[in-house]
Amino acid sequence: MPELPEVETIARGLDSRVAGDVIESVWLGSKPEPLKSAAREIVAALEAKRISGVRRVGKHIVFDLGGAGKAASGSQWIVHLGMTGRMLVATPEAETPKHTHLVAKLASGRELRFVDPRRFGRLEVRQAGFSGPGAEPLSIDAEQFAQLFHSSKAPVKAALLNQKLLHGVGNIYADEALFRAHIRPRRRANSLTKSELRKLHAALQRVLHAAIAAGGSSISDYVDADGEAGFFQIQHRAYGREGKPCLTCKTPIKKIVVGGRGTHYCPNCQK
DNA sequence: ATACCGACCTGTCAGC
DNA sequence: TGCTGACAGGTCGGTA
C-alpha cells in the first residue's frame, strides 16, 4: 500500500514514539510469516535491543538497533509494508487486529505491532548498512536523474516503478509525477528529451514533498503509526480519476495498463 | 540484459 | 441476500 510519502510519515511517527525504547520480547505469528530472514533469527536480533532510531529508506522502514545496555550492536530491523502492511504502536489493552503477525513488547509498556492482511510485507534483520535497492528520489539531482532514465527502453512509467533505479516511487506518485510533467506513461524512458527529464525530476520531487506534508495518501486503509489517515488523496490529479475531467483541460482522464499496473493520464495534456 | 506475466495473499466492491 | 470475478498502494521469479 504505502509509497515513499506514506512510509516517510510512518517512519517519522515511529521515530518520535519509540526511539530510545527497548524491545523486551517478541511474539511472531505462525503460518507462512512474511519473513525474509528466519523467524528465530528475527526474534534473536530484536530481543533486548534498544531502538536508537527509525527512518525510511526507499519504501522500507529501518529500525536502527543498539544493545539494551552499553555497547551498540549496530544491527538493523528492516520492514517492508508491501501493499497492506501497518506498523502500529499500541497499548497492550488495545484490541489486536486480525492479521497481526508480530508483536514486540517494549520496556515502556507499549507494543509495536506489525499487521498485514495480504502478507506481501517483508521483515528482515541484517547488520548495519542497508541503503536500499536504488537511488533516493528526494535527494537525487536532475543530472543523476537523467542519467538513470537515459539507458532504459522501458515505458517511463515502468522505469519510475523500477526500485533498482529510483526506490520509493509507487503507482500513485508515478502517475501524479507524469501528469504534472505532461509526459505520457507509455513513452520509452530513453525517448525523453533533456527538458522533459528535468520537468519529470522536478515534478516528482514536488509531488513527493507535497504528499509528505499532507501525511501521505489514504486510499481505503492506509494509516500512520498513530492510526491517522493522510490527506494527499484529495490532491490527486490523475490517479483514481478515470473518466473524470482533467483538472487542467477537462478532457476525461484515461485508464490503461502499463507494466501490469493501472495507469491514469490525460490524453490531451500529456504528450 | 531486458521485459512481460503470473504468482503471492486477503479484502472489497460492482454486477448479476 | 449471496455468489463470482475483477481489482488493489508491491515485489519476485520464470520465461521469451
Side-chain angles (χ1 to χ4, degrees), chain A residues 1-11 29-37 56-61 78-87 97-102 114-124 130 132-134 137 148-179 185-191 204 207-208 210-212 214-224 228-243 255-264:
Chain A
M1 124 226 338
E3 305 180 31
L4 187 152
E6 292 76 37
V7 180
E8 178 71 27
T9 303
I10 292 164
S30 53
K31 305 288 183 188
E33 301 101 346
L35 306 177
K36 247 178 136 169
S37 309
R56 175 195 64 77
V57 173
K59 293 176 192 168
H60 302 260
I61 300 169
I78 295 156
V79 178
H80 193 297
L81 298 172
M83 294 272 260
T84 53
R86 299 185 189 187
M87 187 63 77
K98 209 174 162 184
H99 306 298
T100 297
H101 303 297
L102 178 147
F114 178 64
V115 183
D116 183 16
R118 280 176 81 179
R119 289 193 279 143
F120 283 2
R122 290 293 176 265
L123 305 179
E124 183 183 5
F130 179 72
L148 280 184
F149 288 84
H150 190 61
S151 52
S152 174
K153 289 189 289 188
V156 59
K157 159 95 184 235
L160 281 169
L161 293 179
N162 183 347
Q163 303 294 297
K164 286 176 185 157
L165 298 176
L166 284 179
H167 60 206
V169 180
N171 208 33
I172 294 177
Y173 299 102
D175 281 2
E176 293 298 315
L178 288 168
F179 177 90
R186 280 218 237 259
R187 290 272 304 281
R188 303 276 134 189
N190 64 4
S191 79
L204 179 62
V207 75
L208 292 174
I212 290 170
S217 298
S218 284
I219 310 252
S220 74
D221 59 359
Y222 159 78
V223 289
D224 68 15
E228 296 291 328
F231 293 98
F232 193 70
Q233 64 280 9
I234 62 176
Q235 295 182 56
H236 291 176
R237 298 181 196 169
Y239 183 84
R241 299 196 67 249
E242 179 186 12
K255 183 175 181 187
I256 58 175
V257 174
V258 181
R261 314 299 303 281
T263 296
H264 313 73

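Chain letters run A, B, ... following the sequence lines, proteins first, then strands; residues in each count from 1.
Ala174(A) approaches Val169(A) most closely through the heavy-atom pair N-CG1, 3.8 Å. Nearest heavy-atom pair across Thr84(A) and Arg119(A) is OG1-N, 4.4 Å. Nearest heavy-atom pair across Ala214(A) and Gln235(A) is CB-NE2, 4.3 Å. Here the closest non-hydrogen pair linking Leu204(A) and Pro137(A) is CD2-CB, 4.4 Å.
dA6(C) and dG6(B): their C1' atoms are spaced 15 Å apart (whole Å). For the C1' atoms, the distance from dT11(C) to dT12(B) is 22 Å, rounded to whole Å.
In this structure, Arg86(A) places its CZ atom 16 Å from C1' of dC9(B), rounding to the nearest Å. Going from atom CZ of Arg122(A) over to atom C1' of dC12(C) covers 9 Å, rounded to whole Å. For the pair Leu161(A) CG and dC4(B) P, the computed distance is 13 Å after rounding to whole Å. Asn162(A) has its CG atom 16 Å from the C1' atom of dC5(B), to the nearest Å. For the pair Arg56(A) CZ and dG10(C) C1', the computed distance is 16 Å after rounding to whole Å. For Asn190(A) and dA3(B), the CG to P distance is 9 Å, given to the nearest whole Å. The distance between atom CZ of Arg261(A) and atom C1' of dA6(C), rounded to the nearest whole Å, is 15 Å. Between Lys153(A) atom NZ and dA1(B) atom P the separation is 13 Å, expressed in whole Å.
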Q: Start with the C-alpha gap between His236(A) and Ile172(A), add the side-chain angles, then the distance that decides, and say whether side chain to side chain contact (heavy atoms under 4.5 Å, CB included) holds.
A: CA-CA 8 Å; His236(A) 291 176; Ile172(A) 294 177; 3.6 Å; yes

### Query
Under the side chain to side chain contact (heavy atoms under 4.5 Å, CB included) criterion, do Leu81(A) and Asp116(A) qualify, and how do the steps go?
CA-CA 8 Å; Leu81(A) 298 172; Asp116(A) 183 16; over 6 Å; no

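For the 3.5 Å distance criterion, the side chains of Tyr173(A) and Ser217(A) qualify, holding a donor opposite an acceptor.
Regarding contacts with the backbone of dG11(B), a side-chain N or O of His99(A) is found under 4.0 angstrom from either OP1 or OP2. In this model, the phosphate group of dC7(C) is not approached by any side-chain N or O of Lys255(A) to a distance below 4.0 Å at OP1 or OP2. Contact annotation: His80(A) side-chain N/O to dG10(C) OP1/OP2 distance is not under 4.0 Å.
Set against dA3(B), dT11(C), dC9(B), the side chain of Gln163(A) has dT11(C) as its closest nucleotide.
Here Gly260(A) lies out of heavy-atom contact (under 4.0 Å) with every strand. Residue contacts shown for Lys98(A) are limited to sugar-phosphate atoms, with no base heavy atom under 4.0 Å away. The residue Tyr239(A) sits close only to the backbone: its heavy atoms come under 4.0 Å of sugar-phosphate atoms, none of a base.
In this structure, the aromatic ring of Phe120(A) is positioned over the six-membered ring of the base of dC8(B), centres within 5.5 Å and planes within 30°.
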For DNA chain B, the expected dot-bracket line (Watson-Crick or G-U under 3.5 Å, [ ] crossing, | inter-strand) is .|||||||.|||||||

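Here the CD-CD distance, from Glu3(A) to Glu8(A), works out to 13.5 Å after rounding to the nearest 0.5 Å.
The base of dC9(B) lies close enough to the side chain of Arg118(A) for a donor and an acceptor atom to sit less than 3.5 Å apart.
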